[in-house]
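Read the structure below first, then the notes.
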Amino acid sequence: MTKQEFMSQVNVLEKKLRMSLSFGYESFGEFVIGYFYDEKERKWKVFINYDRTRHYIKLVTENETEVYDMVLKLMRYNIGRDEYDRFEKEDRKKDSR
């Protein structure tokens, strides 16, 4: 996958995502998905942050294409979770009526 194809898919998915994106540098903010190139190790790293500064490196690789695939996978997974949570809240509202 090229970077252009990756960015095209990101532009579609990020509209549904309730997390921030960080491409090109490591971020420690809450609710962030991203990737960066570690100059010391000469490897690409994909990370995800949740609340309370929980920072997880999900992939370390020399292959930039693998980075794009993993970032998209994490975005899709978290969109799915958000949509599930939204439906669950709507069901609770219906049950409480």
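Annotation for Glu62 and Arg42: closest pair CG-O, 4.2 Å, computed over non-hydrogen atoms. Shortest non-hydrogen contact noted between Val32 and Met19 is N-CE, 3.6 Å. When every heavy atom of Val46 is checked against every heavy atom of Leu74, the shortest pair comes out as CG1-CD1, 3.7 Å. The shortest non-hydrogen separation linking Phe47 to Tyr35 is CE2-N, 3.6 Å. Summarising the geometry of Val10 relative to Phe23, their closest heavy-atom pair is CG1-CE1, 4.0 Å, with the distance given to 0.1 Å.
In terms of modelled atom types and a separation under 3.5 Å, the side chain of Glu30 and the main chain of Arg52 share a donor-acceptor contact. Asn49 places a side-chain N or O within donor-acceptor distance of the main-chain N or O of Ser27, the cut-off being under 3.5 Å.
Comment: Asp38 does not engage Lys43 in a salt bridge, judged by the lack of any side-chain N to carboxylate O separation of less than 4.0 angstrom.
Separating the CD1 atom in Ile48 from the OG atom in Ser22 is a distance of 12.5 Å, to the nearest 0.5 Å. Residue Arg76 holds its CZ atom at 10.5 Å from NZ of Lys16, rounded to the nearest 0.5 Å. Between the CG atom in Asn11 and the CG atom in Leu21 there is a gap of 9.5 Å [rounded to 0.5 Å]. Here the CG-NZ distance, from Asp69 to Lys73, works out to 9.5 Å after rounding to the nearest 0.5 Å.
Under the 4.5 Å side-chain heavy-atom criterion for grouping Ile, Leu, Val, Met, Phe, Trp and Tyr, Met70 is connected to Met7 within one hydrophobic cluster. Residues Tyr56 and Val71 share a hydrophobic cluster, clusters being chains of Ile/Leu/Val/Met/Phe/Trp/Tyr side chains in contact below 4.5 Å. Tyr50 and Leu59 fall within the same hydrophobic cluster, where Ile, Leu, Val, Met, Phe, Trp and Tyr residues are linked whenever their side-chain heavy atoms come under 4.5 Å apart, directly or through other members. Placement of Met1 and Tyr37 within a single hydrophobic cluster is found when ILVMFWY residues are connected by side-chain heavy-atom separations under 4.5 Å, directly or transitively.
Looking at heavy atoms from C-beta onward, His55 lies in side-chain contact with Glu26 at the 4.5 angstrom threshold. Counting heavy atoms from C-beta outward, Thr65 and Thr2 have side chains that stay 4.5 Å or more apart. Within the 4.5 Å cutoff, no side-chain heavy atoms of Asn78 are placed close to those of Arg18. Between Trp44 and Phe36, the closest side-chain pair of non-hydrogen atoms is not below 4.5 Å. Side-chain contact check for Met75 versus Tyr77: every heavy-atom pair is 4.5 Å or farther apart.
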- request: Output, in order, the C-alpha distance, side-chain angles, deciding distance and verdict of side chain to side chain contact (heavy atoms under 4.5 Å, CB included) for Ile33 and Leu17.
  value: CA-CA 10 Å; Ile33 295 172; Leu17 186 67; 4.3 Å; yes
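In this pair, Phe6 and Tyr68 present their aromatic rings parallel. The plane angle is below 30°, not in the 30 to 60° band.
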